[in-house]
Amino acid sequence: MIDLARPVAQVAPRLLNAVLRNGDVAVRLTEVEAYDGGNDPASHAYRGLTQRNAIMFGPPGFLYVYFSYGVHWAANVVCGPDGQSAAVLLRAGEVIDGIELARSRRLSARKDRDLARGPGRLTQALGLTGEHRGADLFGDGPVSLTLATRPARGVAQGPRVGVSVAADRPWRFWLDGDPSVSPYRRSPRAPVPERS
DNA sequence: TCGCTGATCATCT
DNA sequence: GATGATCAGCGAA
């Protein structure tokens with residue numbers, strides 16, 4: 001178990017192997033990404049409190065959901081103490097329960113490993129949408145998070161996917177070799193990284 | 001397998 | 001009025 005109020009770069013890798021459930025479908029997290037609120041130009045909370053990101057400024061343990069590219073939903077676990085706006089984007093996982101329901105929601109998935117392989121796919125497999133914004137992950141609702149009791153083994157880390165700024169903070173964490181981890185795609189808007 | 005592109009709209013400037 | 005924490009489908013290799 002880990003205290004979600006701790007620094008987000010420490011919390012994020014500890015969410016690997018945690019289980020996110022919504023009703024009958026459950027996913028074991030295999031890939032996450034940390035966003036450090038006001039200290040992080042890539043964070044939705046970097047420019048301060050807005051209607052969309054308000055939930056991030058509250059206490060940890062709640063779900064921040066946003067609509068991406070006019071097409072997909074993406075889910076985050078709010079982290080950091082109350083008043084700070086850190087969050088961890090849930091990028092991918094393996095469906096471990098309710099797989100038939102997950103398949104029915106993800107008809108384009110060729111293989112089961114693709115059911116929740118990516119942020120938009122993960123929310124679709126779980127049936128998470130804007131109505132779940134602000135859900136208490138440790139309350140009585142259908143959405144819940146079960147933290148792993150011990151740190152995951154085989155954790156890799158590297159630059160973040162899809163962001164055009166601060167992409168090279170190594171805050172994407174994944175279980176190395178797990179087939180449900182999404183392919184790395186650098187944002188076409190991100191500057192070319194330093195090479196040695 | 002890789003790279004490109006259209007879809008589509010809430011949110012913020 | 002522009003943008004984006006993405007995905008699926010397509011054609012090329």
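Throughout, protein chains are lettered first and strands after them, A, B, ... in sequence-line order, and every chain is numbered starting at 1. Just so we're clear, the structure is a prediction, and the values are computed from it rather than from any experiment.
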Between [Y] and [X], is there a side-chain heavy-atom distance shorter than 4.5 Å?
{"X": "A:Met56", "Y": "A:Ser43", "value": "yes"}
{"X": "A:His72", "Y": "A:Thr123", "value": "no"}
{"X": "A:Glu33", "Y": "A:Trp174", "value": "no"}
{"X": "A:Arg121", "Y": "A:Ser180", "value": "no"}
{"X": "A:Leu20", "Y": "A:Val143", "value": "yes"}

Figure out the CG/P separation between A:Asp114 and B:dT1, and round it to whole Å.
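For the pair A:Asp114 CG and B:dT1 P, the rounded distance is 11 Å.
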
Atom CG of A:Asp24 with >12 non-hydrogen neighbours under 6.0 angstrom
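It does not: A:Asp24 CG has 12 such atoms or fewer within range.
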
Contacts table for residues 85-106 of chain A: side-chain donor-acceptor under 3.5 angstrom, sequence neighbours left out:
{"from": "A:Arg91", "atom 1": "NE", "to": "A:Glu31", "atom 2": "OE2", "distance (Å)": "2.9"}
{"from": "A:Glu94", "atom 1": "OE1", "to": "A:Arg28", "atom 2": "NE", "distance (Å)": "3.1"}
{"from": "A:Glu94", "atom 1": "OE1", "to": "A:Arg28", "atom 2": "NH2", "distance (Å)": "2.7"}
{"from": "A:Asp97", "atom 1": "OD2", "to": "A:Arg21", "atom 2": "NH1", "distance (Å)": "3.4"}
{"from": "A:Asp97", "atom 1": "OD2", "to": "A:Arg21", "atom 2": "NH2", "distance (Å)": "2.9"}
{"from": "A:Arg103", "atom 1": "NE", "to": "A:Asp112", "atom 2": "OD1", "distance (Å)": "3.0"}
{"from": "A:Arg103", "atom 1": "NH2", "to": "A:Asp112", "atom 2": "OD2", "distance (Å)": "2.8"}
{"from": "A:Ser104", "atom 1": "OG", "to": "A:Leu101", "atom 2": "O", "distance (Å)": "2.6"}
{"from": "A:Arg105", "atom 1": "NH1", "to": "A:Ala125", "atom 2": "O", "distance (Å)": "3.0"}
{"from": "A:Arg105", "atom 1": "NH1", "to": "A:Leu126", "atom 2": "O", "distance (Å)": "3.3"}
{"from": "A:Arg106", "atom 1": "NE", "to": "A:Leu115", "atom 2": "O", "distance (Å)": "2.9"}
{"from": "A:Arg106", "atom 1": "NH1", "to": "A:Ser108", "atom 2": "OG", "distance (Å)": "3.4"}
{"from": "A:Arg106", "atom 1": "NH2", "to": "A:Asp114", "atom 2": "O", "distance (Å)": "2.9"}

Between residues 23-33 of chain A and DNA chain C, which residues have a heavy-atom gap below 4.0 Å?
none

Quick one, give me the B/S/- string for nucleotides 6-13 of chain C, reading 5' to 3', where B means a protein heavy atom under 4.0 Å from the base and S means that only happens at the primed atoms, P, OP1 or OP2.
BSS-----

Just jot down the ring-ring contact (aromatic ring centres under 6.0 Å, His included) partners of A:Phe67, sequence neighbours excluded, or say none.
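Testing A:Phe67 for ring-ring contact (aromatic ring centres under 6.0 Å, His included), a comparison that skips the adjacent residues, returns A:Trp73.
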
Given Watson-Crick and G-U pairs under 3.5 Å, DNA chain B in dot-bracket ([ ] crossing, | other strand) is |||||||.||||.

Residues A:Arg186, A:Asp168; criterion salt bridge (Lys or Arg N to Asp or Glu O under 4.0 Å); working and verdict:
CA-CA 10 Å; A:Arg186 187 176 186 82; A:Asp168 293 304; 3.0 Å; yes

Heavy-atom closest pair (A:Pro60 atom, A:Asp82 atom, distance to 0.1 Å) is CD-N, 4.2 Å

Which heavy atom of A:Asn17 sits nearest to which heavy atom of A:Ala152, and what is that distance?
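Nearest pair, atom of A:Asn17 first, then A:Ala152: ND2-CB, 3.5 Å.
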
Can we say A:Arg14 and A:Asp3 salt-bridge, meaning some charged N sits less than 4.0 Å from an Asp/Glu carboxylate O?
no

With the criterion being N/O to N/O and under 3.5 Å, what pairs connect the protein with nucleotides 11-13 of chain B, and how long is each?
{"from": "B:dC12", "atom 1": "OP1", "to": "A:Thr50", "atom 2": "OG1", "distance (Å)": "2.2"}

